[in-house]
Amino acid sequence: MGQAYIEELSQYEGQEVTIKGWVYNRRSSGKIQFLLVRDGTGMVQAVMVKKEVSPETFALGRELAQESSIIVKGIVRPDERAPGGYELTLTDLELVHMADEYPITPKEHGVEFLMDHRHLWLRSRRQHAILRIRSEIIKAIRDFLDDRGFVLIDAPLLTPAACEGTTTLFETDYFEEKAFLAQSGQLYMEAAAMAFGKVYCFGPTFRAEKSKTRRHLMEFWMVEPEVAYADHEANMCLQEELVGYVVQRVMEKHIPELEILERDITRLEKIVPPFPRITYDEAIVRLQKAGVDIQWGADFGGGDETILAEQFDRPVFVEKYPVEIKAFYMKPDPDRPEVALCDDLLAPEGYGEIIGGSQRIDDVDLLKQRMREHDLPEETYAWYLDLRRYGSVPHSGFGLGLERTVAWLCGLPHIRETIPFPRLINRLYP
Ligand code: 4AD
Ligand code: MG
């Protein structure tokens with residue numbers, strides 16, 4: 001029998017298979033050894049009985065260091081107690097590489113130590129579960145949008161101008177010109193929406209966030225849909241449908257991973273649209289009632305978002321923030337120009353803002369005025385203003401932060417484990 005992957009062992013019951021992988025763990029009791037083998041798709045226990053293998057093979061088993069790479073042959077046996085439901089009766093064992101003493105052992109390690117060894121930490125069961133769920137979330141987001149006729153349009157990462165305020169820009173030299181790493185692909189998606197109607201970009205974005213929190217990365221991934229002729233209301237409907245779909249998909253495909261992470265699944269079962277909606281005004285009153293010293297016009301901190309979100313069992317929309325505290329491109333509410341047609345979606349259980357979205361200004365003069373108020377140079381945004389000169393239409397869009405969504409669905413205390421190689425304020429290694 002040829003090579004098999006551990007996740008497909010059920011197809012090979014009673015047959016001999018070859019598994020190429022690594023030693024996750026090993027224990028022996030006299031005449032029997034138990035090798036826990038991982039191959040990237042899963043883990044299986046290979047049982048080696050002394051009298052059924054060659055003396056060399058049995059001796060080799062005893063010497064295997066954790067994370068040594070091995071090729072195992074064995075017969076697939078059903079075993080109800082085994083994770084995955086199968087066990088291997090080992091018939092042959094080949095050493096590919098004997099590992100040095102592995103730094104990550106089953107004992108507890110400090111976070112900094114694990115982060116320094118992130119390149120190895122990725123092999124552990126918990127990190128494996130998280131990154132598999134991340135991969136599924138990306139696919140679910142893309143399936144949702146692709147099935148609804150959205151076109152994926154890639155936004156540039158090197159840009160001449162800011163999108164989300166000038167304080168968090170990473171600057172770099174671009175042949176004697178200044179360039180910035182993209183904070184968002186939005187402005188380019190607005191151009192694309194005027195060309196394709198429904199579009200999105202999905203890629204890394206960069207922010208020099210000077211604060212050290214459990215919700216901020218310097219490099220994070222964002223999906224940014226943008227829809228021509230969509231208003232604020234349609235924008236929020238799309239957001240809740242997307243989030244509902246993603247949660248549903250993770251529950252459908254990744255219960256074993258959620259169990260490894262000890263995620264309370266009953267909390268996720270409740271995430272079904274429609275989501276509750278409150279205005280910024282109402283949010284301020286709720287915060288004041290909860291004893292927070294905050295006045296109309298102030299932005300929310302992470303703690304405020306948690307207090308608000310804890311009042312609901314589903315994500316909650318906060319709409320219509322003061323224009324003063326939001327980005328320059330957001331359209332003011334025609335009935336009340338001091339607030340914007342915008343929303344933040346706050347995840348439950350203290351995970352904070354996972355989406356920021358808005359209807360965009362479609363009038364060229366108002367947009368120019370807002371850019372002046374924000375000290376943004378008109379020359380750099382000339383192309384963006386053109387979108388309001390050649391067939392301007394109402395349009396809306398939003399950005400969903402991938403890592404915050406992963407943290408929430410996996411129930412993680414910190415955002416650092418949601419991305420393979422996190423970029424944090426004090427960390428650029430490995
Ligand atoms: O609210 P933000 O800043 O919105 C935008 O960038 C818009 N241009 C999006 C759009 O309308 N196309 O960011 C959107 C989301 C946040 O809700 C949050 O989930 C995530 O991006 N985010 C971060 N995630 C991790 N680390 C950071 N430093 C983040 N900053 C924002
Ligand atoms: Mg925001």
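None of these values were measured; they are calculated from a predicted model. We count ligands from 1, going down the list as the structure has it; atoms in each ligand are counted the same way.
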task: Please work out which of M189, R360, H216 has its closest non-hydrogen atom nearest to atom 11 (O) of ligand 1.
output: R360

message: Nearest non-hydrogen contact with atom 31 (C) of ligand 1 belongs to which option: F206, F220, Y188?
response: F220

message: Tell me the protein heavy atom at minimum distance from atom 6 (O) of ligand 1, and give that distance in Å.
response: R207 NH2, 2.8 Å

task: Specify the protein heavy atom at minimum distance from atom 26 (N) of ligand 1: its residue, its atom name, and the distance to 0.1 Å.
output: L217 N, 2.9 Å

- request: Look at ligand 1 and say whether R215 reaches it with a heavy atom at a distance under 4.0 Å.
  value: yes

Ligand 1 contacted by W221 (non-hydrogen, < 4.0 Å): no

Run the numbers for me: atoms of ligand 1, each under 4.0 Å from some heavy atom of [X], listed by number.
{"X": "Y329", "result": "7 (C), 8 (N)"}
{"X": "M222", "result": "6 (O), 13 (O), 14 (C), 15 (C), 21 (O)"}
{"X": "I354", "result": "17 (O), 19 (O)"}
{"X": "S184", "result": "6 (O), 8 (N)"}
{"X": "I355", "result": "17 (O)"}

message: So that I know where these two stand, are Y321 and F300 an aromatic pair - ring centroids less than 6.0 Å apart?
response: yes

Ring-ring centroid check F206 F170, cutoff 6.0 Å: no

- request: Check whether any N, O or S atom of E353 sits under 2.8 Å from the Mg ion (ligand 2).
  value: yes

- prompt: Is NZ or CZ of R148 both nearer than 6.0 Å to the six-membered ring centre of F144 and within 45° of the ring axis?
  reply: yes

message: Below 4.0 Å, non-hydrogen atoms only: which portion of E353 touches ligand 1? Side chain, backbone, both or neither.
response: both

Residues [X], [Y]: salt bridge by 4.0 Å N-O rule:
{"X": "E417", "Y": "R126", "value": "yes"}
{"X": "R427", "Y": "E112", "value": "yes"}
{"X": "K331", "Y": "D362", "value": "yes"}

message: With nothing but distance in play, are any N or O atoms of E226 less than 3.5 Å from an N or O of ligand 1?
response: no

C163 N/O under 3.5 Å from ligand 1 N/O: no

- prompt: Is there side-chain contact between L402 and R134, with heavy atoms separated by less than 4.5 Å?
  reply: yes

query: Do D146 and Y200 get their side chains close enough for a donor-acceptor pair, meaning under 3.5 Å?
result: yes

query: Just checking, any donor-acceptor pair under 3.5 angstrom between side chains of Y384 and E190?
result: yes

